[in-house]
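Below you'll find the structure, written out as structure tokens, and then a few comments.
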Amino acid sequence: MDVRLNAWVRGRVQGVGFRWWTRAKALELGLVGSASNRPDGRVEVVAEGPREKCEQLLTALRSGETPGHVESVGEQWSDARGDLTGFVER
């Protein structure tokens, strides 16, 4: 059963290749979704797929191996909607 992960990443994460890195990691895990810059300086990540793969993406976001500097990652889980294709940077 697929799930949807919404994650809000706070820190120095805009203009440093963070969305590109997130997209590459998500595609590697077989997830669909998006990584979007928010006006408040955060990056919002939406990912759908198997929960185990979404948890791996969340762990990667918190790993310290991302471009820039992540201060915190908020998360919200819900049922997959199935309305996403590919993984895009916005």
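Closest approach of Phe87 to Ala47, counting heavy atoms only: CE1-CB, 4.3 Å. Of all heavy-atom pairs between Gly17 and Pro67, the closest is O-CG, 3.6 Å. Across all non-hydrogen atoms, the minimal contact from Pro50 to Asp2 is N-OD1, 3.3 Å.
Annotation: side chain to side chain contact (heavy atoms under 4.5 Å, CB included) contacts of Val70 (sequence neighbours excluded): Val9, Val13, Phe18, Thr66, Val73. In this structure Asp83 satisfies the side-chain hydrogen bond (donor to acceptor under 3.5 Å, both in side chains) test together with Arg4, sequence neighbours excluded. Applying the side-chain hydrogen bond (donor to acceptor under 3.5 Å, both in side chains) criterion to Trp77, with sequence neighbours excluded, gives Glu75. Residues satisfying the side-chain hydrogen bond (donor to acceptor under 3.5 Å, both in side chains) criterion with Arg90, sequence neighbours excluded, are Ser34.
Through chains of ILVMFWY side-chain contacts below 4.5 Å, Val46 is grouped with Val32, Leu84. Alongside Trp8, the hydrophobic cluster contains no other residue (criterion: ILVMFWY side chains under 4.5 Å).
Legend: salt bridge (Lys or Arg N to Asp or Glu O under 4.0 Å) pairs involving residues 33-43, not counting sequence neighbours, sorted by first then second residue: Arg38-Glu44, Asp40-Arg42. A salt bridge (Lys or Arg N to Asp or Glu O under 4.0 Å) check over residues 8-24, counting only residues at least two apart or in different chains, returns nothing.
Looking only at side-chain heavy atoms (C-beta outward), Lys25 and Leu61 stay at 4.5 Å or farther from each other.
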For residues 52-59, which side-chain N or O atoms pair as donor and acceptor with protein atoms under 3.5 Å away, sequence neighbours left out?
| unit_1 | atom_1 | unit_2 | atom_2 | d |
| --- | --- | --- | --- | --- |
| Glu52 | OE2 | Gln56 | NE2 | 3.4 |
| Glu55 | OE2 | Arg51 | NE | 2.8 |
| Thr59 | OG1 | Glu55 | O | 3.0 |

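Cluster annotation: Val45 is not connected to Val88 through the hydrophobic network of ILVMFWY side chains, with a link wherever side-chain heavy atoms come within less than 4.5 Å.
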